[in-house]
S.K.: 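Here it is, the structure, as structure tokens.
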Amino acid sequence: MAEPLMVVESLSKHYPVSEGQYGGRTVGYVKAVDGVSFTIEKGRTLALVGESGCGKTTTARLVLRLRTPTGGTVKLEERDVHQLSGADLKWFRTSVQAVFQDPWASLSPRMRVRDIVAEPLVANHRVSKDEVRERVGVTLEKVGMQRWQGDLYPHEFSGGQRQRVALASALITEPRLLVLDEPVSALDVSVQAQVMNLLKDLQAELGTAFLLISHDLATVRYVADHVAVMYMGSIVESGSVDQIFETPRHPYTRGLFDAALPTHPRNRTEKLEIKGEMPSPLNPPTGCRFRTRCPQVMSICETVPETIEVAQGHRVACHLFTPEWS
Amino acid sequence: MSLDQPMGTVNDVPRTAPVLEVQDLRTYLYTRWGTTKAVDGVSFSLGSGETLGIVGESGSGKSMLALSLVRLTPEPAGKIVGGRVMLNGRNVLDLTDRQMREVRGKEISMILQDPQQSLNPVFSVGDQLAEAIRVHDRDLDDKLIHERSVDALKSVHVPAPERRLKNFPHQMSGGMKQRIVGAMAMAYQPQVLVADEPTTALDVTIQAQYLRLLKDLQERTGVAIIVITHDFGVIAETCDRVAVMYAGRFVEEGPVEQIFDHPRHPYTRALLESRPKVDLKSTRLQSIDGQPPSLIDLPIGCRFAARCAYAIERCLAEYPPWFEITEAHAAACWRSEEVPWPSP
Ligand SMILES: Nc1ncnc2c1ncn2[C@@H]1O[C@H](COP(=O)(O)OP(=O)(O)OP(=O)(O)O)[C@@H](O)[C@H]1O
Ligand SMILES: Nc1ncnc2c1ncn2[C@@H]1O[C@H](COP(=O)(O)OP(=O)(O)OP(=O)(O)O)[C@@H](O)[C@H]1O
Ligand SMILES: [Mg+2]
Ligand SMILES: [Mg+2]
């Protein structure tokens, strides 16, 4: 096993919900992230998958220090990132970078590409103009662009190229960890492959670890080493990409794979359908949160299931696998 | 009028009789920068009970094609400048606006790409369904309209339909909104349903539910469906036939299994090979470099040639005609015979 880079333990973020639209008495909490633990290994990719609203982006924001957790810790190389200050903060900002979904919204339209790419570098380091120019040039080449393209503005690029610009900007400080929130879902099919290949090449070359957020299982299978499946703020199953895709255990994971569209018309199947929709996060089911949609629900599911290790590194939070039932 | 009742006509209509025949359709958009040839000579036909998938990348003209079929191209830029859209033997393009309003919903319906566009945020679901029903049945009283609205919601399996009628769009999930839009489109049992990216905004589990629902509706009513998508997964799950669109034109058309097993156009093949697979660990994806040409300034030859690994000089000089591979399968490529089959 590779060395751990980031260790997340019992991480939670509860958002207060107020009475009226514009404030007032707090009437409850949305448990956007509720007791999530995972480890990201050096130079490897952990994917977070799950349906809309399950807490993927909130987890990313906590990891990036863009939100303060309600509970739990995020440690980068054994240092609690939410307790950092001074020079340590600079260290964090150059070690962890992010690329978000929308290549149209995330780049400032009035800045030249070379200034966009240079920003994380000049914000955190004292570097000479010549050095900045050189680093920008090298980084643009790394993401498959040409140096002169640094003179252009974002609107002069296609979606795939803009995503390359965003990647270059995230990579210029040579971060240890890159958080990728749906990095290809806004791109065209023919371009998605380019960006995914690029991500894999960059990881092999630079040894950067990725936290990949995606709702597309095929993308995850292609890029990830480890997978964590989230449902309503919690991780219901995690393991290596092979464990999750070849021997999924949790009924939710199995349902997700079953719902995924076939790669060939011959593989159309009767689906083991997950019924209904995700319950309101304001009023989540007690016990196992998936029980209202679970095809294998039992009476014990009204209690919270423990997380069981069913094989080495393969964990499932489901009563089907607790000792007294299996 | 519930969709739950089987319709007598379904079994009487032979599956092969085309309900829709599109011939050399051209829709151009006149903009400040020039003329965008969004749909530039598209032909196909569709039998009842059949599902045709139209797949292609962003900007290839899929939505403009779909909007042309129901005559809802954007005003004032969009103009249908040529071709015919024969629906039940009548050219839809010759109808007056008033006649077209009658046809829309009753003979052909469309689910727009963005469900937000089909739902007005300031009216309740009930008001909007009532409005859609009044277009065709002006004289119904409120009680009958209410009954029909409830039936329409039941037909798309909306739980607690009575309560839903009082909801406003912002109070519903994306999947629920998509169902409501589907209920409105199917309320009058049209013979043709055009669904533009019906599930892109939905989660996988909800997407699976919705595609199943479209199949159910088709089995019950015999509606012919055109599914527009950029996702070959949607095609694999739902379609009988596939047309691949590139820069305003179809470049390949054929039965779904043949397209997946033996694509004859390099673009189709490249698209299929560029997809990662859920059921197989791929080592490397094939990517397609470059971008589609501008629809304002199109090359004379094959529109894909600049990005094509198989392009020869002829491809740049002359637009390729259709080459028939089997009776139902054709590709517009000079080298269609030579394109290797994709790896399994
Ligand atoms: N600032 C906030 N205040 C209140 N609730 C929030 C806030 N941000 C997120 N939430 C809620 O937290 C839950 C998790 O949201 P999050 O954005 O993390 O989901 P996600 O998994 O990224 O979804 P998607 O796939 O749609 O991006 C949702 O129920 C969301 O409505
Ligand atoms: N209202 C409009 N005015 C002018 N040009 C338009 C308008 N809408 C679309 N276009 C142009 O028409 C062409 C075809 O667009 P269309 O929306 O049909 O593409 P599409 O295949 O549906 O793409 P997507 O997959 O992104 O939905 C594009 O070049 C687009 O820029
Ligand atoms: Mg998100
Ligand atoms: Mg479109």
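So that the names make sense, note that chain A is the first sequence line, chain B the second, and so on, each numbered from 1.
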S.K.: Heavy atoms only, distances under 4.5 angstrom: which of B/P159, B/S274, B/G175, B/G59 has the most pairs with chain A? Name it, please.
M.R.: B/S274

S.K.: Let me know if A/V241 has heavy atoms under 4.5 Å from chain B in its side chain, its backbone, both or neither.
M.R.: side chain

S.K.: Give a yes or no answer on whether the side chain of A/R268 reaches the backbone of B/A236 with a donor-acceptor pair at less than 3.5 Å.
M.R.: yes

S.K.: What distance separates B/D203 CG from A/M278 CE, expressed to the nearest 0.5 Å?
M.R.: 6.5 Å

S.K.: Which bit of A/E246 is near chain B, if near means a heavy-atom gap under 4.5 Å: side chain, backbone, both or neither?
M.R.: neither

S.K.: With rounding to the nearest 0.5 Å, note down the distance linking NE2 in B/H157 to NZ in A/K275.
M.R.: 12.0 Å

S.K.: So do B/P276 and A/R221 actually touch side chain to side chain, heavy atoms under 4.5 Å?
M.R.: no

S.K.: Which bit of B/E57 is near chain A, if near means a heavy-atom gap under 4.5 Å: side chain, backbone, both or neither?
M.R.: both

S.K.: Does A/D216 pair with B/R275 as a salt bridge, N-O distance under 4.0 Å?
M.R.: no

S.K.: Does any backbone or side-chain atom of B/Q286 lie under 4.5 Å from a heavy atom of chain A? Answer side chain, backbone, both or neither.
M.R.: backbone

S.K.: Just how far is it from atom CG of A/N267 to atom CD of B/E237, taken to the nearest 0.5 Å?
M.R.: 10.0 Å

S.K.: Return the option, out of A/R293, A/H215, A/Q161, A/H264, with the maximum number of heavy-atom pairs under 4.5 Å with chain B.
M.R.: A/H264

S.K.: What are the two closest heavy atoms between A/Q194 and B/I288, and how far apart are they?
M.R.: NE2-O, 2.7 Å

S.K.: Treating B/Q209 as the side-chain partner and A/I274 as the backbone partner, does any N or O pair qualify as donor plus acceptor under 3.5 Å?
M.R.: yes

S.K.: Go through the atoms of A/Y222 and report whether side chain, backbone, both or neither lie under 4.5 Å from a heavy atom of chain B.
M.R.: both

S.K.: Please check this pair: side chain of A/N197 against backbone of B/L285, looking for a donor-acceptor N/O pair closer than 3.5 Å.
M.R.: yes

S.K.: Measure the spacing between CD of A/Q192 and OG of B/S287 and express it to the nearest 0.5 Å.
M.R.: 12.0 Å

S.K.: Pick whichever of A/P265, A/G276, A/A218 has the most heavy-atom pairs under 4.5 Å with chain B.
M.R.: A/P265

S.K.: Under a 4.5 Å heavy-atom cutoff, which of A/L261, A/V220, A/T219 has the most pairs with chain B?
M.R.: A/L261

S.K.: Which value, rounded to the nearest 0.5 Å, describes the distance between A/E277 atom CD and B/M172 atom CE?
M.R.: 10.5 Å

S.K.: Which region of A/K200, side chain (C-beta onward) or backbone (N, CA, C, O), has a non-hydrogen atom less than 4.5 Å from a non-hydrogen atom of chain B, or is it both or neither?
M.R.: side chain

S.K.: Non-hydrogen atoms of chain A under 4.5 Å away: do they reach the side chain of B/L211, the backbone, both or neither?
M.R.: side chain

S.K.: Does any non-hydrogen side-chain atom of B/T205 lie less than 4.5 Å from one of A/E51?
M.R.: yes

S.K.: Is the shortest heavy-atom distance from the side chain of B/E257 to the side chain of A/R266 under 4.5 Å?
M.R.: yes

S.K.: Which atoms of B/D231 are under 4.5 Å from chain A, going by heavy atoms: the side chain, the backbone, both sets, or neither?
M.R.: side chain

S.K.: Around B/E327, counting heavy atoms of other residues, nucleotides and ligands shown, do more than 12 lie under 6.0 Å from its CD?
M.R.: no

S.K.: Inspect the surroundings of NZ in A/K31 and state if more than 12 heavy atoms from other residues, nucleotides or ligands are less than 6.0 Å away.
M.R.: no

